[in-house]
Amino acid sequence: MSSSPYRLLGVSGSLRTEAFSTAILETLSEAVVPKAITTIADIGSLPHYNQDLDGASAPDVVVDFKTQVMNADGLVIVSSEFNHGVPGILKNAIDWASRPGFRSPLKGKPILIITSSVAFTGGVRAQYQLREAFASTLSRVTLTPEVVIGAVHEKIVAGALADRAAIDYALVAYEALFNEIDLQKHAVKALVGAH
Ligand SMILES: Cc1cc2nc3c(=O)[nH]c(=O)nc-3n(C[C@H](O)[C@H](O)[C@H](O)COP(=O)(O)O)c2cc1C
């Protein structure tokens, strides 16, 4: 285990003021303090992805977001499902963070994915699209059973996730994320030590 807190970047897939996704992210972020400190990214300020804007002349908000991704030990993505897939706002953020291809700040980044939905299915289809998208960025999606929260509207109370079983299940997945981060840090240390 790391001696200083894990630095996590939280990304909510919803811009809605009272988004269930954001409420889940905030509840879990509080639950893992002091073991981990979470900064929540503002993906709503990112422009639509446009390759003409990418590269050396990228807008400041894009540079800031990519720096946040780079500096984080791991990412926690909490998203709903739109039309059986990833909400466009979230896919847009992934596309920005994914460049340059195979060398982006997402490469090797430990990632925990959590989805939710008002439906029984808990956004599981969006979860699988997210796993596909992150596979293309060579990030390391945490090996843990999928965290999907169905009937989410019944589990958010006063802007917080209030379902004990869902919280506990998600926190087990956080432990898997921390293990992944530790594994990576040890591997880097071993590599540096070998040279
Ligand atoms: C455009 C749109 C498409 C949606 N499509 C789906 C869907 O395919 N599957 C699903 O389970 N829920 C769907 N929903 C319902 C969302 O899961 C629900 O609104 C969710 O709680 C929104 O997440 P948020 O509170 O984080 O914004 C859709 C909602 C919207 C607005």
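Counting convention: from 1, in listed order, for ligands and their atoms alike.
For ligand 1, one of its N or O atoms has an N or O atom of Glu81 under 3.5 Å away. The shortest N/O to N/O separation between Glu18 and ligand 1 does not fall below 3.5 Å. Residue contacts with ligand 1: Thr22 is placed with no nitrogen or oxygen under 3.5 Å of a nitrogen or oxygen of the ligand (distance criterion only).
Contact check for Ile24 versus Val152: side-chain heavy atoms found under the 4.5 Å cut-off. The shortest distance between side-chain heavy atoms of Ile111 and Leu106 falls below 4.5 Å. Side-chain contact check for Tyr169 versus Ile114: every heavy-atom pair is 4.5 Å or farther apart. With a 4.5 Å cut-off on side-chain heavy atoms, Ile156 and Leu161 count as touching. The side-chain heavy atoms of Leu46 and Asn92, taken from C-beta on, include a pair separated by under 4.5 Å. Using a 4.5 Å cut-off on side-chain heavy atoms (C-beta onward), Pro110 and Phe178 make no contact.
Here the heavy atom of the protein found nearest to atom 31 (C) of ligand 1 is Phe82 CE1, 3.8 Å. Protein heavy atom at the shortest distance from atom 21 (O) of ligand 1 is Phe20 CD1, 3.1 Å. For atom 23 (O) of ligand 1, the closest heavy atom belonging to the protein is Ser80 CB, 3.1 Å. Considering only non-hydrogen protein atoms, atom 8 (O) of ligand 1 sits nearest to His84 N, 2.7 Å. Given atom 15 (C) of ligand 1, the protein heavy atom at minimum distance is Val118 CG2, 4.0 Å.
By heavy-atom distance, the residue among Leu25, Asn83, Leu15 lying nearest atom 5 (N) of ligand 1 is Asn83. Counting heavy atoms only, Ser117 comes closest to atom 17 (O) of ligand 1 of the residues Gly150, Ser117, Gly13.
For atom 19 (O) of ligand 1, the nearest protein heavy atom is 4.0 Å or more away.
Proximity of Ser14 to ligand 1, defined as any heavy-atom pair under 4.0 Å, is confined to the side chain (atoms from C-beta onward).
Residues in residues 102-118 take part in these side chain to side chain donor-acceptor pair (under 3.5 Å) pairs, two or more places apart or across chains: Thr115-Gln127.
Heavy-atom contacts of Ser21 reach the following atoms of ligand 1: 24 (P), 26 (O) (cutoff under 4.0 Å). Close contacts between ligand 1 and Ala119 involve ligand atoms 11 (O) [criterion: under 4.0 Å to a heavy atom].
Cluster partners of Tyr128, by chain and number: Val124, Val148. The rule joins Ile, Leu, Val, Met, Phe, Trp and Tyr whenever side-chain heavy atoms lie under 4.5 Å apart.
For the atom pair Thr144 OG1 and Leu177 CG, the distance stands at 9.5 Å (nearest 0.5 Å).
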